[in-house]
Amino acid sequence: MTVRTRFAPSPTGFLHIGGARTALFSWAYAKKHSGKFILRIEDTDVERSTPAAVQAILDGMAWLGLDYDEGPFYQMQRMGTYKKVLQTMLDAGTAYYCYCSKEELEALRETQMQQGLKPRYDGRWRPEAGKVLPQIPADIPPVIRFKNPQTGSVVWNDLVKGRIEIANSEMDDLIIARADGTPTYNFCVVVDDFEMGITQVIRGDDHVNNTPRQINMLMALGATIPQYAHLSMILGDDGQKLSKRHGAVSVMQYHEDGYLPEAVLNYLARLGWSHGDAEIFNMQQFCEWFDLEHITPSAAQFNTEKLNWLNAHYIKEMDMNLLASDILVRLQANIHAAYRAPFLNDVLALYRERANNLNQLAADIAYFYVLPTPSAEDIEKHITPEIMPAIKTFSENLAKIEWNAEAIHHEINAVVTAFGLKFPKIAMPLRVMLTGIAQSPSIDQVMALLGKEETRVRIEKYIK
RNA sequence: GUCCCCAUCGUCUAGAGGCCUAGGACACCUCCCUUUCACGGAGGCGACCGGGGUUCGAAUCCCCGUGGGGACGCCA
């Protein structure tokens, strides 16, 4: 049987890191088994779903390169199907109308909570043999409930968590269609997973409690039950639960924050899943290796430090021209006076090794394009009156230096020797003058790239 | 409250009863490289939640605690 997995986000916000990992695992599972990966947008909550959120999810998946074979399907466009199945269930007696008002239900819940009971529907409109149902009120539009079995239990072998059994007595008759006739989440999922032939449902473990209900409905429909794999959640860097208020950000934010999709993908793949000691691998390898057996059932804490490390790796690996075009955009975003220098590739070759973030990399090389302003501390510490004679001599000799790193290095050495100094004594002030800070790659290489004229101008600013 | 899930270094994890004196990675520390800062290289610190079983033998299996998390919507 062909493997068919799906990612089914509800468009009520952006694609966050947890959703992205769920999508990644579903995607990889389909790839691994030469199956199909389906994208389904669960937009039945009209109040909270927005086209902007749909777009944000699509953008996030596109950035990560998570391509889908079918879809996106929109549940709101499948109303006809849902209505049909609803009627079938009503006819078959596996679903029924319930005329309780919201207020009535609320009161029921409250009473049960007070008594320390699990809040649940009491089945007052559930038809039973020989039972007399209440008088149908004229002013209440009914909802439709699923007639859940009351005895026995639902068991499934979760591909991540193992055997899970939940007693039917723990479940009540859930609402599958609202008073306005629109179907609800659990019902739509069931119909869609069935109709789309989903073979493995890979989703967040906040759905574990929905699974037995869905299995019961699937059985009522005579459907084949898919396998389930429930992924545990991702905690924030601080070990706290991710939420809109706390730490949950769009995957696109990582793009803005200077991360490469390769790094995010590799990081996410290793969060909750492992393949022996493998730490760095591309998506092709991941898809070959991926399995559900090696997914950890416990929650995982996000670790930005490790993401940074992977990001550094992928920055080093990246194709130079692609890197340059990315950095160019970031330079322009950060620096008004940015212009395209012909030697951006050379500058990056000198700097990429030291960067673990694209924004940082862009900021680090900004001094090539905009005059830097060193801090007062650095000036005071490194550009001392004692060193100025040597700097002045070096500056005067600039004109005769053949402009390459080796020759520059040679000239600095000559000055250093002439003044009886140590190399750093002159390298540090030059760094501050030329780059604006006291840390940089070899100063001779920096000068070689900066150019003779620009080097002269920047040094002379400090010669009184 | 009820039900469900989880539990190995600070973090991500390896581990399917003897290969475990518990392995790797990030972070941290030390040293090396060095012209500063990085990169890189070599070392180091550092964990099986507790208690009972089962077994010749348990990080691995079972039970009970404890701790954490999730679910209990006409949200998804």
Practice problem: Taking atom types as modelled, find out whether A/Asn266 and A/Glu262 have a side-chain donor-acceptor pair closer than 3.5 angstrom. | Solution: no
Practice problem: Answer with base, sugar-phosphate or nothing: what part of the nucleic acid does A/Thr44 contact at a heavy-atom distance below 4.0 Å? | Solution: sugar-phosphate
Could you list, one pair per line, each protein nitrogen or oxygen that sits under 3.5 Å from a nitrogen or oxygen of nucleotides 41-45 of chain B, together with the distance?
none

Quiz item: Which part of the nucleic acid, if any, lies within reach of A/Gly239 when heavy atoms closer than 4.0 Å are counted: base, sugar-phosphate only, or nothing?
Solution: nothing
Quiz item: With a 4.0 Å cut-off on heavy atoms, is A/Cys98 in touch with a base, just the backbone sugar-phosphate, or nothing at all?
Solution: nothing
Quiz item: Going from CG on A/Asp326 to CZ on A/Arg330, what distance comes out if it is rounded to the nearest 0.5 angstrom?
Solution: 4.0 Å
Quiz item: Between A/Asp172 and A/Arg126, is there a salt bridge with N-O shorter than 4.0 Å?
Solution: no
Quiz item: Of all of residues 210-217 of chain A, which get a heavy atom below 4.0 angstrom from RNA chain B, listed by number?
Solution: A/Asn210
Quiz prompt | Sub-4.0 Å heavy-atom contacts from residues 428-444 of chain A onto RNA chain B, ordered by number | solution = A/Met428, A/Arg431, A/Ala438, A/Gln439, A/Ser440, A/Pro441, A/Ser442, A/Ile443, A/Asp444
Quiz item: Looking at residues 72-79 of chain A, who's got a heavy atom less than 4.0 Å off RNA chain B?
Solution: none
Practice problem: Measure the CZ-CH2 distance between A/Phe286 and A/Trp273 for me, rounded to the nearest 0.5 Å. | Solution: 5.5 Å
Please produce a list of atom pairs where a protein N or O lies less than 3.5 Å from an N or O of nucleotides 32-34 of chain B.
none

Quiz item: Is the NZ or CZ atom of A/Arg213 positioned over A/Phe146's six-membered ring, under 6.0 angstrom from the centre and within 45° of the axis?
Solution: no
Quiz item: Judged by modelled atom types alone, do A/His230 and A/Thr211 share a side-chain donor-acceptor pair under 3.5 Å?
Solution: yes
Scan nucleotides 3-11 of chain B against the protein and return all N/O pairs shorter than 3.5 Å with their distances rounded to 0.1 Å.
residue : atom : partner  : partner atom : Å
B/rC3   : O4'  : A/Glu170 : OE1          : 3.3
B/rC5   : O2'  : A/Lys161 : NZ           : 2.9

Quiz item: So does A/Glu279 pair up with A/Lys306, basic N to acidic O under 4.0 Å?
Solution: yes
Quiz item: When all nucleic acid strands are considered with a 4.0 Å heavy-atom cut-off, which category describes A/Lys425: base, sugar-phosphate, or nothing?
Solution: nothing
Quiz item: Any N or O donor-acceptor pair linking the side chain of A/His382 to the base of B/rU36 at under 3.5 Å?
Solution: no
Quiz prompt | Options B/rA14, B/rA71, B/rC74, nucleotide nearest the side-chain atoms of A/Asp206 | solution = B/rA71
Quiz item: Have A/Asn210 and A/Tyr185 got a donor and an acceptor in their side chains that come within less than 3.5 Å?
Solution: no
Quiz item: When rounded to the nearest 0.5 angstrom, what is the spacing between CD1 in A/Ile38 and CE in A/Met196?
Solution: 7.0 Å
Quiz item: Just checking A/Arg48: base, sugar-phosphate only, or nothing, at a heavy-atom cut-off of under 4.0 Å?
Solution: base
Quiz item: Which part of the nucleic acid, if any, lies within reach of A/Lys241 when heavy atoms closer than 4.0 Å are counted: base, sugar-phosphate only, or nothing?
Solution: sugar-phosphate
